[in-house]
Amino acid sequence: MKVTFWLLDLNYESNNDVPEIWIWGVTDSGERVLIIDDHPIAYFYAVLEENTDPSKVVEEINKCHLKCVSSLEIVDRKFFGKPVKAVKVCVKMPNVMPEYAKTLRKLEGVKDCLEDDIRFAMRYLIDNNVVPSTWHEAEVTEDSDKRDAHVDKIYLAKTSPRVLEKTQLPPLRILGFSTIYYSKEGSPNSERNPVVMISTATNGGEQKQLLAGDDRNDKPLLESFIEYVHNIDPDIIVGYGNNGQDWPYLRARCKKHGIRLGVDRTQTEPHTSVYGHVSLAGRANLDLADYAGEFPEVKVKTLANLADYLGVMKIENRTIIEDIDIPDHWDNKEKRKILKQFSKDNTQCIMGATEAILDFAIQLSSLVSLPLDHVGTAAAGFRVESFLIKKTHPLGELVPRRIEQPYRPYAGGLVLQPIPGLHENIAVLDFKSMYPNLMIVHNLSPDTYVSPKDPVPPGGVNEAPEVKHMFRKEPPGFYKEVLSYLIQVRDQIRLGMSKLKAGTAEYRLLDARQKAVKIITNASYGYAGWVGARWYVKPVAEAAAAWGRHTIMTAIDMAKKENLKVVYGDTDSIFIENQPQKINHLSKDIQEKMGLEIKPDEIYTRIFFTEAKKRYAGLLTNGKLDIVGMEVVRGDWANIAKKVQEKVLEIILKEQSPKKATDFVHEFIYELRQKHVSYRDLIIWKTLTKPAEAYEVNASHVEAAKMLRAKGWELAVGDKIGYVVVAGEGRLYERVKPYMLASYDEVDLEYYVEKQVVPAAARILESFGVTEEQLLQARNGQKETRKLTDFFGA
DNA sequence: GCGTTCAATGTACCT
DNA sequence: ACAGGTACATTGAACGCG
């Protein structure tokens, strides 16, 4: 019989030393199924030295008497594009491979062993062309063995599943949850602090809140949670920070009470994998925090901020309870209501954010062939690599081992010095996917690189400017194959989208897919130059960068020849006078000459530069401001400084009145000194990029972090520390406090005037002759001073 | 002993 | 734990000053 299913999760099991791949799926009729393939093949390669007799090596391998070897086969493969002979060593159990590979590496005639380091579930996906988060069809029989799996049906696969072309998602059951821990001693510790609240919600619209008793005993709460998850039987469980925090914590609490956190579809507990995600057998555990990085505009990556940005729940419409205030809220009957609402809102934020993110996660999972629960924790480099492994397999390319390499920097993109001041009517021409297209056009790829030691290939080479790296012209390298595929697929998806109504389910799915394709395409250049990459070949990245510099320089020359003034440019863009006819002509010329597409991106009716690169602000034709690189868009400046700078830029760009902007700054400083700005707008956020002890100099945010730690708050690398500057003596780092430990009265407002507001405003106004000193001058006692409402509106 | 100078450190941004 | 290029604030030691 046949079964059609969408692949939710897969895992490898050893059943009395017989390896099995368990594939968990949801059928189109909504059945939960487990399909077991009990004939997966485990193998690795012994790659032979040149001029070695393969049968001799086979003999040698046989002499090793490795008892789990089931077959040896002499095969032709490629390694970095060069043809090689290899022995495919099939084994009965995947876990013996690293050891066997180590043994065989020592044999004469064996150059190296490869692919023993591919994890078995991935091996299965690659070899059988099975894809996570995708529909398949499989020929199966019903399984007669008793197996402990909580699904509607268990099947044995007669053949490995085949991918089906089908885009819609199955009817997935989604459960979101968030937790509240009770701790008066700083960061909750699972040894001593209970979980007092778990709020859940399902995509079916069911909401529930589980509470500990007034004695804060969480045993009944945990038991009901386990039972509830079991009853809902979700396919996907979503949280925010559940990988690093909730699952390990809940598991520890359960252990303390002697209960098992049985929330998956077998009888095992959640376990953290080596890849950093928590895996629940038969379900996909999703941590939205892993996707927060996709939204760089959100500077402090809390659930509330993410949900606010996504339009799920506006932060001004809710009460945020800081961790430090939780015990107080739990202990007080009235305040506990607010805490319950806060927790409920958190879960609603999770459900709303899931709406916005899940399609993308699913498409990414399917594109790069990493299971849904794994793709979120996988860093960009590993997503690209997984994709490449999948795509190179049919080409016969062997997957290199990850080798520790010394880091050697190389020259990157070209950045022009901007012409400072205001410019009218400026167009930005962007090269479309410049690096991927350069890799395609010049056939830059790990398998096409011709080292100076190599003979020149018969078809000739492309030689990169400046760096002189050579790449054979023919045949196409796998980067060319793969990148052409990605670019073509994305164009196709976007064509499909253009025929649909925005907002429909199908449109959103396609949009998620084109986004997934885009991020993988754009990360390919970075991957090529990453020392951690299996296919790390520095000349590939270096040549792409060199071609990039050559390309933009040529484009600038051509623009100048058209008498188009160039005011700025960065890597793959040029900012020029907006003369449509000339620009049209220029794009065509560039396309013809270099085989790269360049198209107008933004048009600025007016744009402002200082002397600094990578910082500018423009007025778009729709009347909106586009601010790049300035304090306004930086997360490490107090909000007051950002607001002032934004307003100054708006006045300058729209009204071109430095006088009015200066008046505004004066008025703002006056109001600030009157404490008419909110405390939250004084917080400065900075990331802890290493353990507090590892810093070589004293830094404000590190001092603030230490103060938190002294109160029991554990801080991890990567955490954002919010602090305010308080009045007092000494260095800046001696005058900071974490914002939750300070009050408005302690704040040193003069610091904010002199080191935040004035510099941010002066950055712009100094171009118009207004100095910091002038900005600092208090209001001059005119009768008609403006109110801030004159600038911000009432 | 005290103010100034400047390289080093650290963070966040741009493409 | 995808690349390099860049701006800027602050620290802290070197420097200059007698």
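We use all heavy atoms of the structure for the numbers below, so side chains are in, but hydrogens, waters and symmetry mates are not. In what follows, chains carry the letters A, B, and so on, assigned in the order in which the sequence lines appear, proteins first and then strands, with residues in each chain numbered from 1.
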Query raised in the report: Heavy atoms under 4.0 Å, any strand shown: does A:Ser524 hit a base, just sugar-phosphate, or nothing?
Result: nothing
**Report entry** Nearest-neighbour nucleotide for the A:Arg763 side chain, C:dA1, C:dG5, C:dA9 considered
**Finding:** C:dA9
Requested in this report: For A:Gly635, report the nucleic acid contact type (base, sugar-phosphate, nothing); a contact means any heavy atom under 4.0 Å.
Outcome: sugar-phosphate
Requested in this report: Please tell me which of the listed nucleotides, C:dT11, B:dA12, B:dC14, lies nearest to the side chain of A:Asp570?
Outcome: B:dC14
**Report entry** Flag if over 12 foreign heavy atoms under 6.0 Å of CD, A:Glu750
**Finding:** yes
Requested in this report: Using a heavy-atom cut-off of under 4.0 Å over every strand shown, decide if A:Ala523 touches base, sugar-phosphate, or nothing.
Outcome: base
Query raised in the report: Can you tell me if the side-chain N/O atoms of A:Lys690 get under 4.0 Å from OP1 or OP2 in B:dG10?
Result: yes
Report task. For A:Phe431, answer base if it contacts any base atom (sugar-phosphate contacts may also be present), sugar-phosphate if it contacts only those atoms, and nothing otherwise; contact means non-hydrogen atoms under 4.0 Å. Result -> nothing
Query - Short side-chain N/O contact from A:His701 to OP1 or OP2 of B:dG10, under 4.0 Å - result: no
Query raised in the report: So among A:Val644, A:Asp681, A:Leu749, which one has a side-chain contact (heavy atoms from CB on, under 4.5 Å) with A:Leu672?
Result: A:Leu749
Requested in this report: Measure from CG on A:Leu416 to C1' on C:dA7 and round the result to the nearest Å.
Outcome: 17 Å
Requested in this report: Check every atom of B:dC14, B:dT9, C:dA7 against the side chain of A:Val628 and return the nucleotide holding the closest atom.
Outcome: B:dC14
Report task. May I ask you to say what A:Val415 touches in the nucleic acid, namely base, sugar-phosphate or nothing, with a heavy-atom cut-off under 4.0 Å? Result -> sugar-phosphate
Report task. Assign A:Val531 to base, sugar-phosphate, or nothing according to its heavy-atom contacts below 4.0 angstrom with the strands shown. Result -> nothing
Query raised in the report: For A:Tyr407 and C:dG4, is the shortest distance between a side-chain N/O and OP1 or OP2 below 4.0 Å?
Result: yes
Query raised in the report: Do A:Tyr536 and A:Gln405 have a side chain donor and acceptor closer than 3.5 Å?
Result: no
Query raised in the report: Would you say a side-chain N or O of A:Arg615 is under 4.0 Å from OP1 or OP2 of C:dC8?
Result: yes
Query raised in the report: Can you find a donor-acceptor N/O pair under 3.5 angstrom joining the side chain of A:Arg731 to the base of C:dG12?
Result: yes
Query raised in the report: How long is the line joining CD of A:Glu693 and C1' of B:dG10, in whole Å?
Result: 17 Å
Query - First encountered from the 5' end of DNA chain C, between A:Leu414 and A:Tyr527 - result: A:Tyr527
Query raised in the report: Side chains of A:Asn443 and A:Asn462: do they bring a donor and an acceptor to under 3.5 Å?
Result: no
Report task. Quick one: label A:Gly526 by what it contacts on the DNA or RNA (base, sugar-phosphate, nothing), any heavy atom closer than 4.0 Å. Result -> base
Query raised in the report: Would you say a side-chain N or O of A:Lys720 is under 4.0 Å from OP1 or OP2 of B:dA12?
Result: yes
**Report entry** Residues A:Ser133 and A:Ser365: side-chain donor-acceptor under 3.5 angstrom
**Finding:** yes
Query raised in the report: A:Thr687 has a side chain; which of C:dA1, B:dA12, C:dG4 sits nearest to it?
Result: B:dA12
Requested in this report: Could you tell me whether the phosphate oxygens of C:dT11, OP1 or OP2, come under 4.0 Å of any side-chain nitrogen or oxygen in A:Tyr695?
Outcome: no
Query raised in the report: Just to confirm, is there a sub-4.0 Å distance from OP1 or OP2 of C:dT10 to any side-chain nitrogen or oxygen of A:Tyr751?
Result: yes
Query raised in the report: Which of these nucleotides, B:dA12, C:dC8, C:dT11, is closest to any side-chain atom of A:Ala612?
Result: C:dC8
Report task. Is it possible for you to check whether A:Lys686 lies under 6.0 Å from the centre of the six-membered ring of A:Tyr723, through NZ or CZ, and within 45° of that ring's axis? Result -> no
Query raised in the report: Taking only side-chain nitrogens and oxygens of A:Asn522, does any of them come within less than 4.0 Å of OP1 or OP2 of C:dC2?
Result: no
Query raised in the report: Any side-chain N or O of A:Lys686 under 4.0 Å from OP1/OP2 of B:dT11?
Result: no
Query raised in the report: With sugar-phosphate meaning primed atoms plus P, OP1 and OP2, does A:Ala528 contact a base, only sugar-phosphate, or nothing at under 4.0 Å between heavy atoms?
Result: nothing
Report task. May I ask you to say what A:Tyr410 touches in the nucleic acid, namely base, sugar-phosphate or nothing, with a heavy-atom cut-off under 4.0 Å? Result -> sugar-phosphate
